[in-house]
Amino acid sequence: MSSSHALKMRLAPWALLLVSASWGLAFVVMKDAIERQSVNSFLFTRFLVAVIAMFLLKPTVIQSINREVLRKGFVAGLFLAAGYILQTLGLALTGAAVTGFITGLYVVATPVIAALVLRVRITAFTWGCVLLATVGLALLSLKGWNLGYGEFLVFLCAIAFAAHIIALSKWSNGLDVYAMTIVQLATCALATGVISLIQGYEAPPDSNGWYVVLFTAIICTAVAFVVQTWSQAHMSATKVAVILTMEVVFAALFAVVFGGESLSLRTLFGGVLVFAAMFMIVLKEA
């Protein structure tokens with residue numbers, strides 16, 4: 001193994017942790033924006049702005065979008081778009097806490113799909129981290145629930161996000177990361193755009209709404225998915241899933257720091273378990 005590749009393998013988990021932090025912060029800053037604009041309209045605007053920004057920053061990327069990048073980026077983008085859309089539909093029918101927990105079950109779905117479809121052998125250590133993260137997610141999110149159609153849609157969302165993680169782990173290595181990211185995000189913009197236009201598109205209502213769109217589009221979408229696509233060329237899908245569960249922990253932390261919310265002992269303990277699972281995975285990966 002070259003020293004350059006070894007360095008990338010050490011940096012990849014920490015880069016993904018920063019992605020989780022940006023997504024956790026997005027939960028807090030988006031709260032007001034999506035109360036004043038439909039979710040699909042917000043997502044369409046966010047993905048479209050991200051794609052435009054990436055093209056303006058590097059217009060020559062069009063030369064790197066060959067048939068393979070287009071095909072694989074489109075499929076990965078469909079999984080990602082399906083995750084967001086199913087999550088939105090499920091959220092309308094069930095509670096936010098339950099939605100957060102079931103979405104986080106991609107940490108379980110990822111190794112299961114990897115083992116069944118890709119014949120990847122998952123070690124007992126990694127399964128232990130998956131179980132620890134799942135228990136932590138439950139403590140962070142669950143306060144009683146009933147199984148219903150909304151929960152089923154969110155479960156499908158978790159499978160879609162798991163499929164997206166696996167697709168990137170399978171296809172990221174050797175392909176142009178920037179081009180792959182643009183194709184994925186353009187696919188998401190197309191899918192959410194069709195739905196928002198059918199529902200009746202709503203633009204951000206004011207300057208604050210546009211500030212949120214710009215932040216989530218540039219930092220939490222364009223930069224974050226470039227980093228995720230790059231990172232997944234250097235680590236396994238299951239380990240990626242465990243690290244990304246830190247999004248829920250960061251969301252709770254930022255809600256306390258910036259949103260004025262309180263933190264219960266149960267929530268704190270759940271966060272500690274998720275953090276412990278992520279920390280063990282990162283140490284193992286380093």
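Counting begins at 1 with the first residue of the sequence.
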(request) Rounded to the nearest 0.5 Å, what's the gap from OG on S172 to CD on Q232? Could you check? (result) 6.0 Å

(message) I need the minimum non-hydrogen distance between S41 and G200, along with the two atoms involved.
(response) OG-O, 4.0 Å

(request) Decide if atom CZ of F152 counts as having more than 12 heavy atoms of other residues, nucleotides or ligands within a radius under 6.0 Å. (result) no

(message) Please evaluate residues V227 and S231 with respect to the criterion side chain to side chain contact (heavy atoms under 4.5 Å, CB included), reporting the C-alpha separation (whole Å), side-chain torsions for both, the decisive distance (0.1 Å), and the verdict.
(response) CA-CA 6 Å; V227 172; S231 297; 3.9 Å; yes

(message) Tell me the closest heavy-atom pair linking L137 and G104, and the distance in Å.
(response) CD1-O, 3.4 Å

(request) Dump the intermediate steps for side chain to side chain contact (heavy atoms under 4.5 Å, CB included) on E68 and W171, then the final yes or no. (result) CA-CA 10 Å; E68 183 181 15; W171 294 333; over 6 Å; no

(message) With rounding to the nearest 0.5 angstrom, report the CG to SG distance, L214 to C220.
(response) 11.5 Å

(message) Could you check whether any side-chain N or O of E202 sits under 3.5 Å from a backbone N or O of Q37, counting only pairs where one atom can act as donor and the other as acceptor?
(response) no

(message) If I compare all heavy atoms of L185 with all of A222, which pair ends up nearest, and what's the gap?
(response) CD1-CA, 4.1 Å

(request) Might you confirm whether atom CG of N66 has over 12 heavy atoms from other residues, nucleotides or ligands at distances under 6.0 Å? (result) yes

(message) Please tell me whether V213 and L43 are part of a single hydrophobic cluster in this structure, the criterion being side-chain heavy atoms less than 4.5 Å apart.
(response) yes

(message) With heavy-atom distances below 4.5 Å as the criterion, would you say the side chains of T103 and F155 are in contact?
(response) no

(request) Mind running side chain to side chain contact (heavy atoms under 4.5 Å, CB included) on F161 and T110 for me, showing each step along the way? (result) CA-CA 8 Å; F161 283 143; T110 299; over 6 Å; no

(request) Please answer: with hydrophobic residues joined when any side-chain heavy atoms are less than 4.5 Å apart, are V49 and Y211 in the same cluster? (result) no

(request) Find the distance between OG (S236) and CD1 (I122) and round it off to the nearest 0.5 Å. (result) 6.5 Å

(message) I'd like to know if the side chain of Q184 reaches the main chain of M180, judged simply by a donor and an acceptor atom lying under 3.5 Å from each other, with no hydrogens or angles considered.
(response) yes

(message) Do T245 and Y106 pair up side chain to side chain, a donor and an acceptor below 3.5 Å, judged on atom types alone?
(response) no

(message) In the structure I gave you, are the side-chain heavy atoms of L57 and Y178 within less than 4.5 Å of one another anywhere?
(response) yes

(message) Are L18 and V274 linked, directly or through intermediate hydrophobic residues, by side-chain heavy-atom contacts shorter than 4.5 Å (ILVMFWY only)?
(response) no

(request) Give the intermediate values and the outcome of side chain to side chain contact (heavy atoms under 4.5 Å, CB included) for residues V212 and N208. (result) CA-CA 6 Å; V212 173; N208 286 334; 5.7 Å; no

(request) Among L16, L11, T181, L168, find the residue that satisfies the side chain to side chain contact (heavy atoms under 4.5 Å, CB included) test when tested with W230. (result) L11

(message) Quick one, F47 and V51 - any side-chain contact, counting heavy atoms below 4.5 Å?
(response) no

(message) Within the 4.5 Å heavy-atom criterion, are P111 and T126 side-chain neighbours or not?
(response) no

(request) Working to the nearest 0.5 Å, report the span between CG of L89 and CD1 of I195. (result) 7.0 Å

(request) Would you mind reporting whether L175 and K72 have side-chain heavy atoms less than 4.5 Å apart? (result) yes

(request) Locate the shortest heavy-atom distance separating R266 from A138; write the atom from each residue and the value. (result) NH2-O, 3.5 Å

(message) Could you measure the distance from the CG atom of L80 to the OG1 atom of T187? Nearest 0.5 Å is fine.
(response) 9.0 Å

(request) Supply the atom-to-atom distance Q63 CD to K58 NZ, rounded to the nearest 0.5 angstrom. (result) 9.5 Å

(message) Please give me the minimum heavy-atom distance between A179 and D176, naming the atom from each residue.
(response) N-OD1, 2.7 Å

(message) Give me each pair satisfying side chain to side chain donor-acceptor pair (under 3.5 Å) with a member in residues 214-227, each pair once, sequence neighbours excluded.
(response) R46-T221

(request) Check for a donor-acceptor pair, side chain of T229 on one end and backbone N or O of V226 on the other, with a separation under 3.5 Å. (result) no

(request) Write down the atom of A76, the atom of H164, and the distance for their closest heavy-atom approach. (result) O-CD2, 3.1 Å

(request) Group every Ile, Leu, Val, Met, Phe, Trp and Tyr by side-chain heavy-atom contacts under 4.5 Å, then state whether I85 and L190 land in the same group. (result) no

(request) Could you tell me whether the side chain of L139 reaches within less than 4.5 Å of the side chain of L273, counting heavy atoms only? (result) yes

(message) Is there a path of hydrophobic side-chain contacts, each under 4.5 Å between heavy atoms, that joins V69 and I166?
(response) yes

(request) Report yes if the side chains of F215 and L25 come closer than 4.5 Å at any heavy-atom pair, otherwise no. (result) yes

(request) Could you check if a side-chain atom of N40 sits within less than 4.5 angstrom of a side-chain atom of F44, using non-hydrogen atoms only? (result) no

(message) Would you say the rings of F225 and W23 are close, in the sense that their centroids are separated by under 6.0 Å?
(response) yes

